[in-house]
Amino acid sequence: MPYDLVIFDNDGVLVDSERISNRILAECLTEAGYPTTFDDSVRDFMGAAMHRVHDVVLERTGGSLPEGFDQGYHARVFAEFERELEPVEGVGVVLEKLAADGVPYCLASSGGHERIRVALRKTGLYAGFGERRIFSAQDVGRGKPAPDLFLHAARTMGVPPERCAVVEDSALGVAAARAAGMDVYGYTAMTPAAKLADATALFGSMAELPDLLFG
């Protein structure tokens, strides 16, 4: 097999959360005095850790987000997750196939640990990972596009970077995987293929992924 570990992003790859979270982030930023559309949020923040939101606001406006912004945003996101979050179509079958074939996999997300677990539990995917195969940007100093998170996941799982495949749906995530020296497969369900052009290969349906990974 070409890979000894498959590393999944979470939002938009395992759980169908990007439309929910980017809608709410745009609303929260607009309410805080930084007008933002859904498309703006997807373009600027999809795949990023929350510190990037603060950095971009400071860089573009010289201002800062109000105290408690992150907590308020996450409270609204979690409430919406409980109402409508679903797994990405077909991803459960992919995870079952990897497990049946004895291929280790894990999760490495820009989201915080609480957000990851809320999403996995709501969608029924948590049991497939457990605590030891969940990694967050909170675990490292820099989030995507820095390679730190993917390198941390690979090191913890005991697999060299060149034996890892990453599944991502954001340009930041593709850049991070490439910087880590890993192959990366770009999921184009929500992101235009041109933005993921640096990926090893692109796919638009989870049904395509096993053959891309292992032929």
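- Residue L213 holds its CG atom at 10.0 Å from NZ of K97, rounded to the nearest 0.5 Å.
- Comment: R43 engages D40 in a salt bridge, judged by a side-chain N to carboxylate O separation of less than 4.0 angstrom.
- With hydrogens and angles left out, the side-chain atoms of T191 and D169 include no donor and acceptor closer than 3.5 Å.
- Within the 3.5 Å criterion, the main-chain N or O of S64 finds a donor-acceptor partner in the side chain of Y34.
- Counting all heavy atoms, side chain and backbone alike, C164 lies closest to V159 at SG-CG1, 3.7 Å.
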Checking side chain to side chain contact (heavy atoms under 4.5 Å, CB included) for the pair I134/R117: CA distance, chi angles, key distance, verdict?
-> CA-CA 9 Å; I134 294 174; R117 284 158 179 76; 3.7 Å; yes
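- Atom CD of E67 has 12 or fewer neighbouring heavy atoms from other residues, nucleotides or ligands inside a 6.0 Å radius.
- Ring geometry for Y73 against F69 counts as parallel: the plane angle stays under 30°, on a 0 to 90° scale with 60° as the upper cut.
- In this structure, the separation between CE on M50 and CD on Q138 is 11.5 Å, given to the nearest 0.5 Å.
- One finds the OG atom of S21 at 8.0 Å from the CZ atom of F38 (value rounded to the nearest 0.5 Å).
- Under the 3.5 Å distance criterion, with hydrogens and angles disregarded, no donor-acceptor pair is assigned to the side chains of R115 and S109.
- Between the side chain of R52 and the backbone N or O of D44, at least one donor-acceptor pair lies under 3.5 Å.
- The backbone N or O of E208 sits nowhere less than 3.5 Å from a side-chain atom of D211 that would complete a donor-acceptor pair.
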After noting the C-alpha distance and the side-chain angles of I7 and F135, does the key distance pass the side chain to side chain contact (heavy atoms under 4.5 Å, CB included) rule?
-> CA-CA 10 Å; I7 304 175; F135 304 96; over 6 Å; no
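- Considering all non-hydrogen atoms of both residues, A189 and G204 come closest at CB-O, 4.5 Å.
- For V167 against F203, the heavy-atom pair with the smallest separation is CG1-CZ, 3.8 Å.
- In this structure, E89 places its CD atom where only 12 or fewer heavy-atom neighbours from other residues, nucleotides or ligands lie under 6.0 Å away.
- For the atom pair L98 CG and F214 CZ, the distance stands at 5.5 Å (nearest 0.5 Å).
- A donor-acceptor pair is defined here as one N or O able to donate and one able to accept, closer than 3.5 Å; such a pair exists between the side chain of S136 and the backbone of G111.
- For R178 (side chain) and V184 (main-chain N/O), no donor-acceptor pair under 3.5 Å exists by modelled atom type.
- Remark: the backbone N or O of T30 is not paired with any side-chain donor or acceptor of T36 at under 3.5 angstrom.
- Of the possible donor and acceptor atoms, one in the side chain of H74 sits under 3.5 Å from a partner among the backbone N and O of D70.
- Y105 places a side-chain N or O within donor-acceptor distance of the main-chain N or O of G128, the cut-off being under 3.5 Å.
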